[in-house]
Amino acid sequence: MMEQEIVSKVNALMARGFELSEKDLVPTARLKEDLGLDSLDAVDMLVHLEESLGSRIEGERLMQVKTLSDVYGLVKEAAASKS
Amino acid sequence: MKKVFISGMGALTSLGCDVASTFNGLVENRSGIKRFAEWEQYNGLHSHVGAPVPAYDIMKVPRSARRTMSRMSEMATLATMQALGQADLRLENCDGERTLIIMGSTSGSPVTLELYFKQLFERGGPQGQMSTSFFKVMNHSVPANVASALGYHGALLSPSSACSTSSQALVLGWELLQSGFYDCVIAGGADELHYMTAAIFDIVLAASRRYNYEPERASRPFDRDRDGLVVSEGAGVVILETEERLRRRGGLALAEFRGGAYVCDGLHMSQSSGDAMRQTMGQAIRRAQLVPADIGYINAHATATLQGDIEEAQTIAKMFGEQTPVSSLKGNLGHSLAACGAVEVIASVLMMQNNVLLPTRNLDNPDAMCLGVNLIRENCSSAVQHVLSNNFAFGGMNTSLVISAVGSGQ
């Protein structure tokens with residue numbers, strides 16, 4: 001999956017799943033402090049990502065995810081391992 | 001005995017998304033019952049009628065609170081907001097040591113339970129379950145979500161006794177106000193419509209199945225041609241405050257909550273017991289420091305089941321004779337299970353305030369087995385001082401309570 005495709009897909013999913021404004025979805029946005037997401041949201045984000053990608057992401061990986069950019073990285077990694 | 005008053009009321013019912021629209025619908029004798037053609041697909045389900053709550057706006061509740069809510073919690077939250085608004089109270093400002101929330105539902109969200117288990121079986125395990133699902137199906141989902149949405153910090157209880165849940169919550173609240181530990185109770189109940197709920201009653205031949213193409217005629221308490229109840233949904237929330245607290249804060253009393261009782265008959269899970277009904281009504285009236293002759297109107301539980309209506313009517317006849325007006329609102333609203341007790345209290349308060357008694361919808365030909373009581377069939381002008389309200393539930397649960405007009409004296 002291309003970088004831009006990942007960004008678009010993740011941003012659309014975040015906007016829809018968590019009622020976030022597209023303008024707030026910048027790579028440096030921190031999930032907790034800037035986007036107001038908590039641990040429950042993080043788990044649901046993972047479910048949304050897995051369904052969207054059609055591949056598994058280990059829940060433990062969430063521990064390292066702090067920013068939206070980290071989410072893009074996680075998806076990129078999962079997409080690469082799938083292909 | 002401490003005097004306890006009702007200071008706020010909120011409701012979402014099949015007739016409207018607030019107290020005023022619900023009461024107007026009742027005064028106009030409208031029906032909230034609809035045909036559910038999609039229920040025909042369920043193998044073994046014969047009842048295809050239900051009474052849904054009209055569309056409501058939940059977006060005023062932040063997403064962080066909304067995400068763990070099923071419909072029952074959404075409706076309970078909105079009803080609580082209405083009640084608090086009427087009482088001019090803010091939960092976040094209430095003294096958490098003196099305030100108590102008591103709310104419940106028949107079960108956790110049936111809508112979510114179905115989705116949860118469907119996915120669990122399809123996927124062979126919990127893969128892909130949302131983190132928020134459990135918070136919609138846990139037994140105290142309704143009050144926990146109300147507290148979370150409204151920033152409440154204090155005591156909370158979640159009794160569950162099916163169709164007597166919210167009336168039991170109210171009586172329990174009254175008892176705990178008498179204990180002196182609390183001076184404000186926010187009590188109620190909520191349930192959401194789902195075909196499984198209709199099925200629960202359908203399986204035991206207690207749900208209406210002959211009126212699937214005439215839904216507005218389906219719920220007919222005390223009527224000769226009734227064939228069972230119609231499931232509904234909704235939320236009812238009532239705020240109880242001690243006289244001392246209400247006076248201190250300059251709040252307005254809408255009615256007096258005189259007392260009530262709850263009794264489990266321990267006899268049968270589904271069949272009602274006239275003896276237990278009599279015991280419950282008698283205890284409620286004694287706790288209210290009244291006698292049966294003081295009761296000016298009885299809001300019956302009467303869900304339109306064959307046996308339950310007869311038991312209730314015959315017990316009322318023995319205790320009150322044939323003068324006291326009696327009606328059931330389930331002909332209009334359907335049976336909203338955990339919500340119905342509080343909703344019926346709210347309607348009864350408005351009947352007293354408006355000097356009108358509301359009839360039983362669809363009571364065209366009273367069942368001969370239900371005679372001997374004054375079953376009202378049209379709106380009656382009447383200045384009633386004391387109302388007895390009944391709710392009886394599966395599990396042998398019986399609840400009765402008494403509310404009185406403000407300044408009723410006795």
Side-chain angles (χ1 to χ4, degrees), chain A residues 1 6 9-26 29-68 70-71 74-79 81-82, chain B residues 55-74 77-78 81 92 108-109 111-153 156:
Chain A
M1 208 181 324
I6 289 174
K9 207 165 187 173
V10 169
N11 284 6
L13 183 152
M14 298 294 280
R16 190 176 61 247
F18 303 105
E19 299 175 18
L20 295 167
S21 167
E22 292 274 1
K23 70 175 171 49
D24 295 328
L25 297 173
V26 294
R30 294 168 298 175
L31 300 186
K32 186 178 176 187
E33 295 84 352
D34 300 325
L35 302 181
L37 306 186
D38 64 11
S39 58
L40 292 180
D41 291 324
V43 173
D44 288 352
M45 179 181 74
L46 200 68
V47 173
H48 292 316
L49 289 172
E50 286 182 335
E51 282 177 0
S52 171
L53 290 169
S55 62
R56 296 282 294 274
I57 301 171
E58 286 306 317
E60 289 77 11
R61 297 297 310 278
L62 285 174
M63 307 298 281
Q64 286 100 46
V65 172
K66 306 291 180 200
T67 65
L68 200 53
D70 295 338
V71 179
L74 198 63
V75 171
K76 193 174 175 183
E77 209 177 286
S81 67
K82 188 184 173 192
Chain B
Y56 54 80
D57 178 16
I58 191 65
M59 297 308 280
K60 64 182 93 168
V61 175
R63 185 196 68 85
S64 57
R66 217 183 326 120
R67 65 184 169 168
T68 52
M69 291 183 178
S70 67
R71 269 179 78 79
M72 59 171 76
S73 293
E74 291 176 352
T77 300
L78 294 175
M81 291 166 80
E92 62 268 36
S109 162
V111 173
T112 310
L113 278 168
E114 184 190 15
L115 290 172
Y116 190 94
F117 284 107
K118 186 167 180 280
Q119 193 172 323
L120 192 80
F121 296 142
E122 281 174 357
R123 299 183 179 186
Q127 173 62 34
Q129 293 287 358
M130 303 293 280
S131 70
T132 46
S133 296
F134 175 71
F135 305 107
K136 299 177 184 177
V137 302
M138 60 188 190
N139 287 352
H140 63 310
S141 179
V142 165
N145 273 294
V146 168
S148 169
L150 302 183
Y152 172 74
H153 182 87
L156 183 146

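The chains referred to below are lettered A, B, ... by the order of the sequence lines, with proteins before strands, and numbering in each begins at 1.
Residue A:Val47 forms a side chain to side chain contact (heavy atoms under 4.5 Å, CB included) with just one option from B:Gln127, B:Gln129, B:Met130, and that option is B:Met130.
Counting non-hydrogen atoms of neighbouring residues, nucleotides and ligands closer than 6.0 angstrom, the OH atom of B:Tyr152 exceeds 12 such neighbours. B:Phe117 CZ: 12 or fewer foreign heavy atoms inside a 6.0 Å radius. Counting non-hydrogen atoms of other residues, nucleotides and ligands closer than 6.0 Å to CD of A:Glu33 gives a total above 12.
Here A:Leu40 is the residue among A:Leu40, A:Asp38, A:Leu46 with the most heavy-atom pairs under 4.5 Å with chain B.
Contacts from residues 131-144 of chain B to chain A, taken as heavy-atom pairs separated by less than 4.5 Å, involve B:Ser131, B:Thr132, B:Phe135 in sequence order.
Proximity to chain B involves both the backbone and the side chain of A:Glu19, based on heavy atoms less than 4.5 angstrom apart.
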